[in-house]
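Scroll down for the structure; my scribbles are underneath it.
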Amino acid sequence: MYSTLGLLVLTCGPVLVAFIVACILLRFAEKDASWLSFLTCVAGVAIAVSVVAVMPYDVWQALSAKDHHSHSGGSLLRNTWAATYWTTALLSYLLCPILMEFEASGNFTVAARLRTSLRRNAVFYGVYALIMVLLLIILVARGEVHGDLQSWCIAASNAWGLFVLTVLMGFGLVAVPRHFWSLSNPGLLLQDLYRNAVVKDETRLSRLFELQDAVAQARAELAAHVQLEDEGPTAATQRRAFATVSQMTDRCECLHMELSGARMPVRDKGIGGISQSPSATLALHPPPSLARFAEVHRTLKAAALEARRASCCFDSHIQRCIFFEDLEQGDHRAAVSMLGVRRATMPSQFRFFGSNNLRQSLLSFWLRHIRARALLGLGHASCILSAIVVLGQLTLFADGWHLSLLSLFFRQDYGPCLTQAFCLVPLAYMAYTAYFSIFRLKISGWYGLYGNHSTDTGSLLWCASILARLAAPLCYHFLLLIRVNGTTFQAFMGQMNMVPVLGASFNQVFPCLIALLCCCNVFNVYSRFLQFFTLGVMEFEFGEGGDGDDPLSDGKQLVDQERRRRAEECDIELNGRAPFFATAPPAG
């Protein structure tokens with residue numbers, strides 16, 4: 001039944017999604033990212049998007065088979081789900097973590113970096129294995145062990161994903177409507193942006209100081225090594241490590257000067273670029289070993305990445321502040337220019353007569369007459385969808401009566417187009433609330449996405465891993481919410497239902513906590529709740545503010561200073577002397 005359509009969806013769809021994902025990630029990834037890591041990121045994100053995109057087709061097939069009293073799906077779709085799931089598990093639980101530690105490693109050979117990555121990941125996998133062994137011992141003692149190894153792997157992965165989804169959606173189901181409503185009111189939004197500007201500036205300065213300390217520490221280590229007359233079998237390796245750390249130190253120092261806007265200090269260069277000052281000619285501690293060089297190299301890379309991330313966050317935040325200031329003041333021409341619509345951004349061979357003016361006119365009309373109304377409408381619609389989702393999750397455990405309004409749209413087949421549209425809208429909204437929360441989540445020392453080729457490879461791998469891990473649990477949770485049975489995806493994931501604790505009972509009862517978390521978010525205590533239970537490691541960026549006496553005025557003054565500085569840079573650019581919104585070169 002509709003085998004041609006199914007073959008087209010399952011073959012051409014993922015290829016098209018992978019191409020689009022690759023084009024998008026190219027805008028974020030730093031230019032010297034390794035091809036293996038980048039392709040892994042593309043595969044992870046493309047699989048996550050494909051799983052969500054194919055789910056409506058599976059739902060329609062199940063409803064169509066039910067109405068025609070036939071078997072839903074076929075071997076192609078069943079095999080596709082199995083291959084997709086285990087490929088996702090391989091990428092997100094094995095390959096991505098290994099590549100993340102490989103990229104962060106400070107060692108100087110591929111073999112050494114790989115050994116360090118495997119050793120660091122073995123610690124986490126050992127902890128997970130210990131937890132599973134303890135759970136198995138308890139269940140064996142109670143005589144409740146059921147299912148094979150594959151069922152337990154699916155149940156453990158789904159339980160982890162469902163736990164993370166509960167945390168994310170507990171925030172996103174409330175934050176998304178608020179986000180649309182705040183976007184429709186620039187004046188109110190600016191108050192939060194001003195407060196956050198102070199925090200982001202403090203974070204940026206703190207990361208720059210940490211980078212400066214790391215550079216000073218590396219200079220001291222290198223100065224101690226200059227005294228050596230290296231001999232022996234490890235001499236060549238040490239000299240190579242010395243050269244690598246010396247080059248990395250110079251790049252980090254240049255990055256610090258660029259991000260802080262300071263001038264490059266004039267220093268007398270000695271061997272390997274080490275300043276020959278009186279304090280540097282004396283070794284302050286024993287000469288560093290190869291392991292010490294690797295540790296210094298790793299520290300430099302981490303400090304450089306954190307400084308670049310903080311600076312990118314601050315720059316993009318200031319740009320948002322300036323945009324909404326122009327919008328609030330009614331200067332739509334300036335607001336359009338902040339969106340990057342300039343004639344110089346388009347190659348001359350693709351310019352048409354009046355095309356740039358037409359785009360500016362359309363954007364100005366959108367900002368002036370449509371934008372606020374559209375965002376208000378999106379806010380109201382998302383609020384209704386959030387309420388429907390929360391009500392349905394409250395009664396997932398009930399077999400008879402329930403509060404799932406979404407199930408009313410899936411009592412019969414309405415045709416391939418309408419049925420898949422009914423499925424795609426709520427599923428896409430649930431995915432959006434979860435992924436919206438991911439990119440609003442601040443995790444100390446972890447990762448994020450930064451535009452203009454400023455995202456390091458580790459951040460891309462982390463985002464791809466998280467998106468891939470959450471796709472399958474999200475879709476399975478959605479099927480329970482709409483109460484559709486007979487899909488091939490349920491047939492595959494249903495193996496975990498026989499697993500005690502993590503099986504069917506966990507999937508039906510645990511999501512009820514989303515309602516409690518949404519209530520905490522409504523009363524603005526969710527971020528504090530999350531910080532308390534994670535010991536300050538995790539928090540959402542909404543609601544943060546500066547510690548000064550008047551963070552609102554401090555933030556406005558900071559934005560005014562940045563506006564004047566960028567205006568001066570723009571004047572310099574018009575004279576052909578410097579780029580506008582220049583970003584730091586890759587440092588790691």
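Everything quoted here is computed from the prediction, not taken from an experiment. Atoms considered below: every heavy atom in the structure, side chains included; atoms not considered: hydrogens, waters and symmetry mates.
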Give a yes or no on whether a salt bridge exists between Asp456 and Arg309, defined as a side-chain N under 4.0 angstrom from a carboxylate O. yes

Centroid-centroid under 6.0 Å between Trp60 and Tyr57 rings: yes

For this output row, return yes or no: ring centroids of Trp81 and Phe492 closer than 6.0 angstrom. no

Report all side-chain donor-acceptor pairs from residues 42-51 shorter than 3.5 Å, counting only partners two or more places apart or in another chain.
unit_1	atom_1	unit_2	atom_2	d
Ser50	OG	Ala46	O	2.7

Would the distance check show the side chain of [X] and the main-chain N or O of [Y] forming a donor-acceptor pair, the cut-off being under 3.5 Å?
{"X": "Ser184", "Y": "Trp181", "answer": "yes"}
{"X": "Ser404", "Y": "Ile482", "answer": "no"}
{"X": "Thr395", "Y": "Leu403", "answer": "yes"}
{"X": "Asp58", "Y": "Thr488", "answer": "yes"}
{"X": "Thr433", "Y": "Met430", "answer": "yes"}
{"X": "Ser92", "Y": "Ser465", "answer": "no"}
{"X": "Ser437", "Y": "Gly172", "answer": "yes"}

Evaluate the side-chain proximity of [Y] to [X]: yes if any heavy-atom separation is below 4.5 Å, no if none is.
{"X": "Val54", "Y": "Thr84", "answer": "no"}
{"X": "Pro426", "Y": "Val389", "answer": "no"}
{"X": "Trp86", "Y": "Cys153", "answer": "yes"}
{"X": "Tyr476", "Y": "Ile154", "answer": "no"}
{"X": "Thr487", "Y": "Gln61", "answer": "no"}
{"X": "Leu63", "Y": "Gln412", "answer": "no"}
{"X": "Val174", "Y": "Leu517", "answer": "no"}
{"X": "Leu481", "Y": "Gln393", "answer": "yes"}

Which of Leu91, Asn121, Leu461, Leu118 passes side chain to side chain contact (heavy atoms under 4.5 Å, CB included) with Pro97? It is Asn121

To the nearest 0.5 Å, what is the distance between [atom1] ([X]) and [atom2] ([Y])?
{"X": "Leu479", "Y": "Gln490", "atom1": "CG", "atom2": "CD", "answer": "4.5 Å"}
{"X": "Leu168", "Y": "Ile466", "atom1": "CG", "atom2": "CD1", "answer": "8.5 Å"}
{"X": "Leu513", "Y": "Leu394", "atom1": "CG", "atom2": "CG", "answer": "10.5 Å"}
{"X": "Leu95", "Y": "Leu36", "atom1": "CG", "atom2": "CG", "answer": "6.5 Å"}
{"X": "Met493", "Y": "Asn507", "atom1": "CE", "atom2": "CG", "answer": "7.5 Å"}
{"X": "Ser182", "Y": "Leu188", "atom1": "OG", "atom2": "CG", "answer": "7.5 Å"}

Applying side-chain contact (heavy atoms from CB on, under 4.5 Å), name anything that partners Phe19, two or more places apart in sequence or on another chain. Cys23

Which heavy-atom pair separates [X] from [Y] by the least distance, and what is that distance?
{"X": "Leu367", "Y": "Ala335", "answer": "CD1-CB, 3.9 Å"}
{"X": "Val176", "Y": "Tyr432", "answer": "CG1-CE2, 3.8 Å"}
{"X": "Cys512", "Y": "Gln508", "answer": "SG-O, 4.1 Å"}
{"X": "Leu193", "Y": "His317", "answer": "O-NE2, 2.8 Å"}
{"X": "Asn521", "Y": "Ala175", "answer": "ND2-N, 3.9 Å"}
{"X": "Ser382", "Y": "Pro177", "answer": "OG-CA, 3.4 Å"}

Ignoring hydrogens and angles, state whether a donor on the side chain of Thr88 or Tyr93 is under 3.5 Å from an acceptor on the partner side chain. no

Exercise: do Gln319 and Ser316 side chains pair donor with acceptor under 3.5 Å: no

Name all residues meeting the ring-ring contact (aromatic ring centres under 6.0 Å, His included) criterion together with Phe409; count only those two or more places apart in sequence or in a different chain, and write none if there are none. Phe422

By ring-ring contact (aromatic ring centres under 6.0 Å, His included), Phe365 pairs with (sequence neighbours left out) His369

Please identify each residue that fulfils side chain to side chain donor-acceptor pair (under 3.5 Å) with Thr166, with sequence neighbours left out. none

So, using side chain to side chain donor-acceptor pair (under 3.5 Å) as the criterion, who are the partners of Gln150 when residues are at least two apart? Gln495

Do other residues, nucleotides or ligands put more than 12 heavy atoms under 6.0 Å from the OH atom of Tyr125? yes

Could you give me the CA-CA distance, side-chain angles and deciding distance for Glu103 and Ser34, then say whether side chain to side chain donor-acceptor pair (under 3.5 Å) is met? CA-CA 9 Å; Glu103 295 289 342; Ser34 65; 3.1 Å; yes

Assess the residue pair Ser386 and Tyr429 against the criterion (side chain to side chain donor-acceptor pair (under 3.5 Å)); give the C-alpha distance rounded to whole Å, side-chain angles, the decisive distance to 0.1 Å, and a yes or no. CA-CA 9 Å; Ser386 294; Tyr429 180 71; 2.5 Å; yes

When you measure from the centre of the six-membered ring of Phe410, is the NZ or CZ of Arg483 under 6.0 Å away and within 45° of the axis? no

Determine, stepwise, if the pair Phe489 / Leu77 fulfils side chain to side chain contact (heavy atoms under 4.5 Å, CB included). CA-CA 9 Å; Phe489 186 76; Leu77 188 55; over 6 Å; no

Do His380 and Phe180 pass the ring-ring contact (aromatic ring centres under 6.0 Å, His included) test, and can you show the C-alpha distance, the side-chain angles, and the key distance before you say yes or no? CA-CA 9 Å; His380 296 324; Phe180 287 132; over 10 Å; no

